[in-house]
Amino acid sequence: MTGRVTAVSSNATYSFSKPNRESVMLLAGLGVEGDVHAGVTIRHQFRMTYEPDLPNLRQVHLMHEELFDELALKGYAVAPGGLGENITTREVDLLGLPAGALLHLGEQAVVEVTGLRNPCAKINDFRQGMLGEVFALDPVSGDFTFKSGIMAVVRHGGPVRPQDAIGIELPPGPHRPLERV
């Protein structure tokens, strides 16, 4: 399976959205160079207050651009970086990946998928009512599907640019489904 990177984004300060860049540099064990969420331990602003020493399983946030298409049909205009993601993708079923999957981004960078992004209420501050659109409820099981992207850690650093290919390497089975991190 292959897909492609459509945008890369980073921000050195805490804000909901991240500006697009011509490229980002992924640093092994840290995240996106210069991004506020890069670090060995948790860098999520809220979670740092009560879990400051836990490992940072949210070094890189990836979002599938197909979600923006879905949101547009419901009247929500969202551009890459708008939901705070570092890497926007197309033609990759990010939500269907198992934990531990490796994504080869461009020629050098490799990230390991750690889990689902847990969407927060700030999404409604960005676009009123949109938080309810990034969840899906399974009517049979009652389980929620979180649609606002996945989180990963950097295993091998390197530059990532729009139009870079994305290769997918699945871990040995049995596969573990993604959970919120």
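The structure displayed is predicted, hence computed values, not measured ones.
- In terms of hydrophobic clustering, with Ile, Leu, Val, Met, Phe, Trp and Tyr side chains grouped at heavy-atom distances under 4.5 Å, I87 and L67 are assigned to a common cluster.
- Separation of atoms CG (L97) and CD1 (I150) is listed at 5.5 Å; rounding is to 0.5 Å.
- Taken from CG in L26 to CZ in R155, the straight-line distance is 13.0 Å, to the nearest 0.5 Å.
- Looking at L102 and V111, their side chains never come closer than 4.5 Å, going by heavy atoms from C-beta outward.
- Rounded to the nearest 0.5 Å, atoms NE2 (H37) and CG (N11) are 9.0 Å apart.
- In this structure, L103 and L94 have side chains that are in contact, with non-hydrogen atoms separated by less than 4.5 Å.
- Linking Ile, Leu, Val, Met, Phe, Trp and Tyr residues whenever their side-chain heavy atoms come within less than 4.5 Å places I168 and L62 in a single cluster.
- Proximity of a side-chain donor or acceptor of R58 to a complementary backbone N or O of I42 within less than 3.5 Å is not detected.
- Contact of the V113 side chain with the P98 side chain is not registered, since no non-hydrogen atoms from C-beta on lie closer than 4.5 Å.
- Between A12 and V36, the closest heavy-atom pair is O-CB, 3.7 Å.
- Remark: the S9 side chain and the N20 side chain contain an N/O donor-acceptor pair separated by less than 3.5 Å.
- From R4, atom CZ reaches atom CG of D164 across 11.5 Å, with rounding to the nearest 0.5 Å.
- Considering only heavy atoms from C-beta on, V154 stays 4.5 Å or farther from L30 through its side chain.
- Atoms CD and OH, from E133 and Y76 in turn, are 5.0 Å apart once rounded to the nearest 0.5 Å.
- For the residue pair T6/R90, the side-chain donor-acceptor check at 3.5 Å is not satisfied.
- Residues V78 and F126 are in side-chain contact: their nearest non-hydrogen atoms beyond the backbone lie under 4.5 Å apart.
- A heavy-atom distance below 4.5 Å is not found between the side chains of R161 and E22.
- Counting only distance, with no hydrogens or angles, the side chain of E66 and the backbone of E91 share a donor-acceptor pair below 3.5 Å.
- Looking at N86 and K18, their side chains come closer than 4.5 Å, going by heavy atoms from C-beta outward.
- Counting only distance, with no hydrogens or angles, the side chain of R43 and the backbone of N56 share no donor-acceptor pair below 3.5 Å.
- H156 places no side-chain N or O within 3.5 Å of a backbone atom of H104 that could act as its donor or acceptor partner.
- With hydrogens and angles disregarded, no donor-acceptor distance shorter than 3.5 Å links the side chain of Q108 to the backbone of P159.
- Looking at heavy atoms from C-beta onward, L73 lies out of side-chain contact with E70 at the 4.5 angstrom threshold.
- When the side chains of ILVMFWY residues are joined at heavy-atom separations under 4.5 Å, either directly or via intervening members, V8 and L27 end up in two distinct hydrophobic clusters.
- Side-chain heavy atoms closer than 4.5 Å link hydrophobic residues (I, L, V, M, F, W, Y) into clusters, and following such links, possibly through other members, connects F16 to L131.
- Closest of all the heavy-atom pairs between G82 and S17 is O-OG, 2.7 Å.
- T114 contributes a side-chain N or O that, together with a main-chain N or O of L57, makes up a donor-acceptor pair within less than 3.5 Å.
- Here CG of L83 is found 7.0 Å from CG of L71. Values are rounded to the nearest 0.5 Å.
- Between K147 and F135, the closest heavy-atom pair is CE-O, 3.9 Å.
- Here the side chain of N124 pairs a donor or acceptor atom with the backbone of G129 at under 3.5 angstrom.
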* **Pair E85-R117, salt bridge (Lys or Arg N to Asp or Glu O under 4.0 Å): steps then yes or no** => CA-CA 10 Å; E85 75 276 9; R117 176 191 184 191; 5.9 Å; no

* To do: Check the pair L178, L95 against side-chain contact (heavy atoms from CB on, under 4.5 Å), reporting the backbone distance first and the verdict last.
  => CA-CA 8 Å; L178 297 179; L95 303 179; 5.8 Å; no

